[in-house]
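Beneath this line is the structure, given in structure tokens, with notes to follow.
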Amino acid sequence: MGAFDEVDATPRRTMVLFFIVDTSGSMKGEKIESVNTAVREVLPYIDDISSSNPDAQIKVAALEFSSGCEWMYPQPVDPGDFSWRDLEAGGLTAFGDACNELNVKLSKKAFMQEAVGSYAPAFILMSDGEPTDDYKHGLEKLKGNPWFRAGIKVAIAIGNEANQEMLAEFTNTSEAVLTVHNKEQLKSIIRFVSVTSSQVASSSSSVGSDAPATKQQEVAEKIAETVKNSDTFEGVDVGTDTSSAAEDDWGSWG
């Protein structure tokens with residue numbers, strides 16, 4: 001059992017679910033509209049998971065990045081009180097800035113300051129293109145953050161033009177990178193990944209000889225198995241090998 005997973009009887013500890021959303025110009029149209037719809041619709045499910053969990057309460061934080069980056073709220077918010085503001089697309093893709101900003105907030109002086117302690121967080125990154133800044137330095141600093149290292153990380157590549165290798169650098173495993181090719185896939189994957197990550201991240205570590213070594217591994221295995229075996233996610237690619245990927249269908253915005 002890791003230092004982040006020690007269980008207290010009462011009061012409940014906090015687990016923060018982070019949505020990190022690329023809002024660059026290429027996200028215009030069905031891509032950003034689908035993100036807005038899916039996250040807004042999944043928040044009540046996250047609230048239910050939090051309300052029924054005797055060990056942990058879930059809070060939500062959202063960071064958008066384009067030519068710069070901005071938090072939707074100055075602190076993580078209970079999912080039942082989180083009013084999702086429609087994100088608008090425009091500008092560049094300053095992923096390095098987003099990594100630096102996330103690193104700053106992953107501190108007990110910022111987002112991880114709950115007095116009763118916190119479970120390791122969960123991060124869902126969504127992007128459809130290439131970073132336009134030198135993101136390597138910012139990402140390396142972020143990967144050195146103990147909260148980030150212990151957290152669950154999943155990346156959604158929105159279309160074949162997304163930089164899957166960069167997304168795999170973020171998650172530290174290609175198994176946690178999912179590529180979607182249309183708005184229905186995008187909305188379904190956001191809902192599924194958000195719920196699965198929240199359920200695992202807000203629970204005590206699995207035990208037993210057959211249990212995955214980490215929560216990251218547990219989530220990656222659950223997601224990969226479900227996506228590959230469910231008709232709901234037909235056409236969604238798991239991993240960074242997109243040699244046989246389906247064609248993108250994003251309407252007139254492409």
Side-chain angles (χ1 to χ4, degrees), residues 17-39 41-42 45 65 87 89 93 95 98-99 122-132 135 139 143 151-201 212 214-254:
L17 172 64
F18 289 87
F19 292 102
I20 306 156
V21 185
D22 177 356
T23 56
S24 61
S26 57
M27 286 285 291
K28 283 184 179 179
E30 290 186 339
K31 293 177 182 178
I32 197 64
E33 291 169 5
S34 298
V35 170
N36 286 326
T37 299
V39 177
E41 291 179 350
V42 83
Y45 294 94
F65 65 97
L87 300 176
T93 311
F95 180 57
C99 291
F123 307 91
I124 301 175
L125 170 63
M126 301 172 238
S127 179
D128 76 330
E130 294 274 351
T132 53
Y135 73 91
L139 182 56
K143 291 171 73 171
I152 291 170
K153 298 167 282 285
V154 180
I156 301 173
I158 304 176
N160 290 324
E161 297 303 314
N163 186 329
Q164 283 94 352
E165 296 300 327
M166 178 271 288
L167 298 178
E169 288 182 66
F170 179 86
T171 62
N172 206 37
T173 171
S174 62
E175 293 180 342
V177 178
L178 305 169
T179 303
V180 297
H181 305 284
N182 58 57
K183 64 180 181 180
E184 294 306 324
Q185 290 178 357
L186 176 55
K187 288 189 287 187
S188 296
I189 282 293
I190 290 174
R191 288 193 293 266
F192 172 60
V193 167
S194 299
V195 168
T196 303
S197 298
S198 297
Q199 289 172 331
V200 175
T214 65
K215 289 183 176 181
Q216 173 72 50
Q217 181 183 347
E218 182 177 349
V219 166
E221 290 177 357
K222 281 187 175 182
I223 289 174
E225 181 179 2
T226 303
V227 169
K228 290 177 180 178
N229 296 319
S230 173
D231 292 340
T232 301
F233 304 114
E234 183 177 0
V236 175
D237 300 308
V238 179
T240 56
D241 181 7
T242 57
S243 57
S244 59
E247 292 186 6
D248 290 338
D249 180 13
W250 301 105
S252 59
W253 289 98

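Note that the coordinates shown come from a computational prediction; the quantities given were computed from them, not determined experimentally.
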Side chain to side chain, Glu161 and Ser26, heavy atoms closer than 4.5 Å: no

Quick check: does any side chain N or O of Asp249 sit under 3.5 Å from a backbone N or O of Asn182, one acting as donor and the other as acceptor? no

List the atom of Arg191, the atom of Glu41, and the distance in Å for their closest heavy-atom pair. NH1-OE1, 3.4 Å

NZ (Lys215) and NZ (Lys222) are apart, to the nearest 0.5 Å, by 11.0 Å

Test item: Met27 and Val35 side chains (from C-beta on) under 4.5 Å apart, heavy atoms: yes

Check whether any side-chain heavy atom of Val39 lies under 4.5 Å from a side-chain heavy atom of Ser194, and answer yes or no. no

So how far is it from Leu87 CG to Phe19 CZ, rounded to the nearest 0.5 Å? 11.0 Å

Could you go step by step and tell me if Glu221 and Gln217 meet the side chain to side chain contact (heavy atoms under 4.5 Å, CB included) rule? CA-CA 6 Å; Glu221 290 177 357; Gln217 181 183 347; 2.8 Å; yes

Grab the two heavy atoms, one from Val180 and one from Trp250, that are nearest each other, plus how far apart they are. O-CZ2, 3.7 Å

Decide side-chain hydrogen bond (donor to acceptor under 3.5 Å, both in side chains) for Asp237 and Thr179; before the verdict, give the C-alpha distance in whole Å, the side-chain angles of both, and the deciding distance to 0.1 Å. CA-CA 5 Å; Asp237 300 308; Thr179 303; 5.0 Å; no

Validation row: Phe65, Asp22 side chains within 4.5 angstrom (heavy atoms): yes

Flag the pair Phe95 / Leu125 as yes when at least one side-chain heavy-atom distance between them is below 4.5 Å, and no otherwise. yes

Side chains of Glu218 and Ile152 in contact at under 4.5 Å (non-hydrogen atoms): no

Heavy atoms from other residues, nucleotides or ligands near NZ of Lys183 exceed 12 (cutoff 6.0 Å): no

Heavy-atom pair with the smallest gap, counting every atom of Gln216 and Gly151: OE1-O, 3.5 Å

Ser127 side chain near Ile20 side chain, heavy-atom distance below 4.5 Å: no

Just to verify, what does Phe123 make a ring pair (Phe, Tyr, Trp, His ring centres under 6.0 Å) with, not counting sequence neighbours? Phe18, Phe148

Roughly how far, to the nearest 0.5 Å, is NZ of Lys31 from CD1 of Ile158? 7.0 Å

Looking at side-chain heavy atoms only, is the closest gap between Glu130 and Thr93 below 4.5 Å? no

Result of checking Ile124, Thr232, Ile223, Val227 against Ile189 for side-chain contact (heavy atoms from CB on, under 4.5 Å): Val227

For the atom pair OG1 (Thr37) and CD (Glu30), what is the distance rounded to the nearest 0.5 Å? 10.5 Å

One should read off an interatomic distance between Lys143 NZ and Glu169 CD, to the nearest 0.5 angstrom, of 6.0 Å

Please find the pair of heavy atoms, one from Ser34 and one from Leu186, that lie closest to each other, and give the distance. CB-CD2, 3.6 Å

Considering non-hydrogen atoms only, spot the tightest contact between Leu17 and Ser198 and give its length. CD2-OG, 3.4 Å

If you take all heavy atoms of Asn160 and His181, which pair is closest and at what distance? OD1-CE1, 3.0 Å

In Å and rounded to the nearest 0.5 Å, what is the CE to OG1 distance from Met166 to Thr171? 10.5 Å

